[in-house]
Protein chains: 2
Amino acid sequence: MTDRRQLLLDAAIRVLGTRGLRQLTHRAVDAEAGLPEGSASNQFRTRDALVAGVFGRLVEVETAAWDQLAGELPPGDPDAFVTVLGGLIRHLTTEGRVVVQARHALFVEAAVHPELRQEIGAGRDRLARWGVPVVAALGSADPGAHFRMLLALVDGLLGNQLAYPEEDFAPEAAISALLRGLLPADRPGR
Amino acid sequence: MTDRRQLLLDAAIRVLGTRGLRQLTHRAVDAEAGLPEGSASNQFRTRDALVAGVFGRLVEVETAAWDQLAGELPPGDPDAFVTVLGGLIRHLTTEGRVVVQARHALFVEAAVHPELRQEIGAGRDRLARWGVPVVAALGSADPGAHFRMLLALVDGLLGNQLAYPEEDFAPEAAISALLRGLLPADRPGR
DNA sequence: TCAGTGGCACTACATCCGTAGTAACATGCC
DNA sequence: GGCATGTTACTACGGATGTAGTGCCACTGA
């Protein structure tokens, strides 16, 4: 049942993340999954259905990553927050880059195809339910807005590093600086 | 001569920014430019040539925008910097969104096709030549790194707002916060 | 045992795309 | 005027792509 769908969707994420949006075709997914031609076309009758499926699967995969992250995070400790989030970003720009690139490709597509935005909104809400309390515990006066700012910074760091990798990539510095600007200064950073 | 090329490239940017990477075809560009079929295919013999041309034109267009920005910017004034940059971001997420979406689409493609990265590096260097002195004038201790952080934040804000527009979009708050965290605190902002 | 059901492999087809080739055309030079 | 050169318009074609259709097979429940 969903076993095959998941196999195909994970293959589709790999295609999307390594070869780009234009190469995401039914046949390419079949090949990547090692399944006979027609399998993807059969499970996802149209290309839009395939894209929607990929998006849903992507949300699942990334949600799992955040949940794991939450476990490692002592609440209310900005330094630990910076370290752990920085580590996540480092991971997402190296071993985990395929998933991030797939997501960014879909984001770009969402800017053009508004029907995808609903799902992005849902995924973002789920992420906010996890992240806003974390930011609040750090002492933020407006955790909702501050969480969105952090999210934007993280996405920007990911996007720039993936499009144009730099050797001395130091995401922690940027996160730490933004946090320092957001939080009350009763706890001097560094 | 380059008159026709520029016409075609500007049409290609519109196609890329409004219909996405997958729809960027020779024929679509012909139609968007109002030129007979075959024009784009003739000027840009391969699709890669078309993409490269679009990228070059994009750098031209955005460079012009920064230069104009530079004129409005009194040096060494963080508040003015936040206001002007915030205004630019607001513009780039509304009237100017087509160009930004086109650029982000190419960034995603660059993550997959490394040959584009060279050109991204060149465009980024040009931007840095403009921006690093500006950041230095604000009092930054490490203008090169700080400029890159600001760039990442701006790109993240743009990307998020374009993929999932929010009513109460306030880019100034994020920029101001990051700046506050980066600059020495001898001039308490807000 | 056997009809029914649903997923799966495989195929067919119309369409679209990238690319290259050719002919008409303008423009500048002798 | 006549020729050369480079640009533009148009067409052709091989190949890939999206989509739907068809038959096979395993499994279910009586």
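So that the names make sense, note that chain A is the first sequence line, chain B the second, and so on, each numbered from 1. Side-chain atoms are counted along with the backbone in the values below, which use heavy atoms only and exclude waters and symmetry mates.
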In whole Å, I'd like the distance from the NE2 atom of H26(B) to the C1' atom of dA9(D).
15 Å
Does any N or O donor sit under 3.5 Å from an N or O acceptor when you compare the side chain of R45(A) with the base of dG21(D)?
yes
Quick check against the 3.5 Å criterion: does D30(A) have a side-chain atom that pairs as donor or acceptor with the backbone of G38(A)?
yes
Among E115(A), E109(A), R117(A), which one satisfies side-chain hydrogen bond (donor to acceptor under 3.5 Å, both in side chains) with H113(A)?
E109(A)
Could you state the atom-to-atom distance from CG of L35(A) to P of dT11(C) in whole Å?
16 Å
Distance check: side-chain N/O of Q43(A) vs OP1/OP2 of dC8(C), anything under 4.0 Å?
yes
With the side chain of T25(B) defined as its heavy atoms from C-beta on, choose the nearest nucleotide among dA20(C), dC17(C), dT17(D).
dC17(C)
Identify whether any heavy atom of S41(A) sits under 4.0 Å from a base atom; if not, whether one sits that close to sugar-phosphate; answer base, sugar-phosphate or nothing.
base
Counting only side-chain nitrogens and oxygens, does R47(B) get under 4.0 Å of the OP1 or OP2 atom of dG18(C)?
yes
Expressed as a whole number of angstroms, how long is the span from Q23(B):CD to dC17(C):P?
7 Å
Taking L178(A) as the fixed residue, which of L153(A), L183(A), V154(A), V82(A) is the one that meets the side chain to side chain contact (heavy atoms under 4.5 Å, CB included) rule?
L153(A)
Donor-acceptor contact below 3.5 Å, side chain R47(A) vs main chain L24(A)
yes
Roughly how many Å is it from CZ in F44(B) to C1' in dT7(D), rounded to a whole number?
14 Å
Between CG of D30(B) and P of dC16(C) the distance, given in whole Å, is 15 Å
N/O donor-acceptor pair under 3.5 Å between E166(B) side chain and Q161(B) backbone:
no
Separation of atom CD in E37(B) from atom C1' in dC17(C), rounded to whole Å:
11 Å
Taking the nucleotide of DNA chain C with the nearest heavy atom to each, does G38(A) or D48(B) sit closer to the 5' end?
G38(A)
Measuring to OP1 and OP2 of dG18(C), would you say a side-chain N or O of R22(A) lies under 4.0 angstrom away?
yes
Without decimals, in angstroms, what is the distance between N42(B) CG and dC10(D) C1'?
10 Å
Specify the separation, in whole Å, of atom CZ of R27(A) and atom P of dC10(C).
14 Å
Below the 4.0 Å mark, does dA9(D) have OP1 or OP2 next to a side-chain nitrogen or oxygen of R4(B)?
yes
